[in-house]
Amino acid sequence: MIKYRIIYTLIALSLALFYIYCDSYVPLLIIVVFLSLTVLSVISAAASARLVTVDTTASHSVVTKGEKTEAQFGIRLTNKSILPISAVLLRVEFDDMQERSGTKRRLGTTLCAKETRTVYTMVSTKHCAYIRCRVCDVYICDAFGLTRHRVKKGHFTAHMTIMPLMAERSVIEQLPAVNTDDSDRYSDYKTGSDPSQVLEVREYADGDDMRRIHWGLSSKYDELMVKEFSQPISDSCVVVIETGIADDTPDNRKSVSDRLMSVFTKLSDELIRNEQMFSVYWYSKQGGKCVCFDVVMYDDVFPVAEGFLSMEFSDDIGESLINTAPYIEGNNKRVYYIFSSGSFNKDLTNHLSDKYIPIDADKIFDNGIKSEIGELFETKR
């Protein structure tokens with residue numbers, strides 16, 4: 001901006017000197033035209049800034065982490081005016097919500113009259129993350145680069161969750177028997193034998209129990225219709241993820257976070273496949289409270305990941321285990337406790353009750369996921 005103003009000033013001074021030392025009205029006419037164009041350019045830029053809207057969206061709301069994951073965001077600019085825009089300047093900021101660290105970029109483009117254009121920008125990461133893309137400023141500049149006007153209309157923030165890769169082989173060979181007694185939630189797709197919840201009604205087939213015939217619909221459609229009952233979802237376990245770790249460098253913290261999320265994602269997959277509903281707990285030092293999520297289906301795992309990956313770790317080792325204990329000690333639910341061995345006080349695990357199943361994320365990745373969790377389950381059963 002300063003460079004353009006200096007150039008404009010030099011041009012204006014040159015025209016003024018040309019008018020002074022030239023005995024003619026031609027330089028004066030040039031100066032008048034030059035100033036008129038400048039005024040029109042500034043006015044049109046100011047008017048266009050009021051008619052431009054911004055819409056920031058993530059290319060995908062959730063992606064899976066690979067060796068080099070790129071979080072791509074699209075910034076859609078819509079020019080509703082009949083005037084073209086010579087320069088649009090954008091200042092974009094990417095934030096890793098867990099580490100509260102970010103990078104900034106500057107982008108530029110042009111817009112024709114009544115045009116919608118999308119500017120794509122991306123950031124690379126080698127860790128799981130909950131990334132926020134925030135368009136800090138959008139400016140419309142006049143043709144001479146003398147002034148800029150801020151765009152205030154639109155959606156300026158978008159988020160993307162980068163999930164961990166999930167192991168192809170099963171983490172848990174065999175879960176303890178599912179207990180569905182007294183469950184108040186039912187599967188939306190798996191049939192069962194609980195008559196209190198009807199999953200669907202279908203046509204009668206040979207071998208169906210006559211006691212399941214829906215006589216009302218059968219008389220309406222003039223053919224036998226049978227009720228399919230739902231499978232109750234077990235609510236017999238809790239997952240606790242440790243948020244207090246000893247590693248003090250950002251890269252070490254992110255590596256621990258990757259391991260914890262990888263183990264949690266696979267454990268969630270195994271529990272959901274076995275029709276087990278569960279709750280997820282951890283302690284947030286920033287909020288000063290325990291965070292809880294209920295997981296019934298796999299889609300519920302993504303909000304958990306967003307919450308965990310936007311939460312800062314603390315140096316208080318074992319804080320999740322200590323602070324969540326009052327909430328889960330009063331029930332008989334099984335507790336899967338996921339932690340990092342390099343940042344955990346072993347004295348705490350020695351005092352855990354039999355219902356706790358500790359899962360050391362570091363040992364899992366060092367010795368193999370399948371064997372480690374399998375041993376833990378065999379020990380606890």
Side-chain angles (χ1 to χ4, degrees), residues 52-78 88-109 116-139 150-165 241 243 245 247 249-262 264-265 268 280 282-289 291-293 295 298-314:
V52 171
T53 58
V54 180
D55 185 19
T56 306
T57 57
S59 58
H60 297 85
S61 58
V62 179
V63 298
T64 303
K65 181 179 73 67
E67 294 182 359
K68 183 181 179 183
T69 303
E70 292 181 333
Q72 180 174 283
F73 296 87
I75 305 169
R76 186 171 61 184
L77 303 169
T78 303
V88 182
L89 302 179
L90 304 95
R91 189 160 60 90
V92 183
E93 186 176 85
F94 297 99
D95 293 320
D96 185 327
M97 302 303 291
Q98 190 169 64
E99 291 299 326
R100 300 300 192 269
S101 60
T103 58
K104 295 181 180 180
R105 290 183 185 173
R106 295 182 182 272
L107 306 173
T109 187
T116 297
R117 177 172 297 181
T118 302
V119 179
Y120 291 97
T121 181
M122 61 184 64
V123 61
S124 298
T125 178
K126 61 180 180 179
H127 296 289
C128 301
Y130 184 53
I131 295 178
R132 180 183 67 180
C133 174
R134 184 164 58 95
V135 182
C136 302
D137 296 299
V138 180
Y139 291 107
R150 178 176 291 177
V151 175
K152 298 181 180 179
K153 296 181 180 179
H155 180 67
F156 292 84
T157 305
H159 297 84
M160 178 181 292
T161 304
I162 299 177
M163 297 288 290
L165 288 172
I241 308 177
T243 57
I245 62 174
D247 293 305
T249 63
D251 192 62
N252 288 341
R253 287 177 181 268
K254 294 298 292 183
S255 296
V256 172
S257 176
D258 288 350
R259 294 184 175 192
L260 294 175
M261 282 306 303
S262 296
F264 165 73
T265 304
S268 299
V280 184
W282 68 76
Y283 182 76
S284 173
K285 186 175 182 179
Q286 293 71 37
K289 61 180 181 181
V291 180
C292 177
F293 290 86
V295 178
Y298 200 76
D299 288 345
D300 298 331
V301 175
F302 301 130
V304 178
E306 291 178 4
F308 184 78
L309 294 173
S310 60
M311 180 275 318
E312 292 183 77
F313 284 111
S314 74

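Predicted model, so just to flag it, every value in this text is computed and none were measured. Throughout, residue positions are numbered sequentially from 1 according to the sequence presented.
Residues satisfying the side-chain contact (heavy atoms from CB on, under 4.5 Å) test with Val54, not counting sequence neighbours, are Thr56, Ile75, Leu77, Val138, Val151, Phe156. With sequence neighbours left out, the side-chain contact (heavy atoms from CB on, under 4.5 Å) criterion links Gln98 to Asp96, Lys254, Ser257, Phe308, Leu309, Phe313. Residues meeting the side-chain contact (heavy atoms from CB on, under 4.5 Å) test with Phe302, sequence neighbours left out: Val62, Met163, Tyr298, Asp299.
The shortest side-chain heavy-atom distance between Phe73 and Val135 does not fall under the 4.5 Å cut-off. Residues Thr78 and Asp55 have side chains not in contact (no heavy-atom distance under 4.5 Å, counting atoms from C-beta outward). Counting only heavy atoms from C-beta outward, the side chains of Arg105 and Thr121 approach each other to under 4.5 Å. Side chains of Asp258 and Cys128 form a contact here, defined as non-hydrogen atoms less than 4.5 Å apart.
Between Leu89 atom CG and Arg150 atom CZ the span is 12.5 Å, to the nearest 0.5 Å. Atoms OH and CE, from Tyr130 and Met160 in turn, are 11.0 Å apart once rounded to the nearest 0.5 Å. Going from atom CD1 of Ile241 over to atom CZ of Phe264 covers 5.0 Å, rounded to the nearest 0.5 Å. Glu306 CD to Ser61 OG: the interatomic distance, rounded to the nearest 0.5 Å, is 8.0 Å. The line from CZ of Arg134 to NZ of Lys104 is 8.0 Å long, rounded to the nearest 0.5 Å. The line from OG1 of Thr53 to CZ of Arg76 is 7.5 Å long, rounded to the nearest 0.5 Å.
A pairwise comparison of heavy atoms in Gln72 and Met122 identifies OE1-CE, 2.8 Å as the closest pair. Between Val301 and Ser268, the closest heavy-atom pair is CG2-CB, 3.9 Å. When all heavy atoms of Phe94 and Cys133 are compared, the closest pair comes out as CE2-SG, 3.8 Å. Minimum heavy-atom separation, His159 to Ala58: O-CB, 3.5 Å.
The local environment of NE2 in His60 is sparse, with at most 12 non-hydrogen atoms from other residues, nucleotides or ligands closer than 6.0 Å.
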ask   = When you look at Thr109 and Arg117, which way does the side-chain contact (heavy atoms from CB on, under 4.5 Å) test go after all the steps?
value = CA-CA 9 Å; Thr109 187; Arg117 177 172 297 181; 3.3 Å; yes
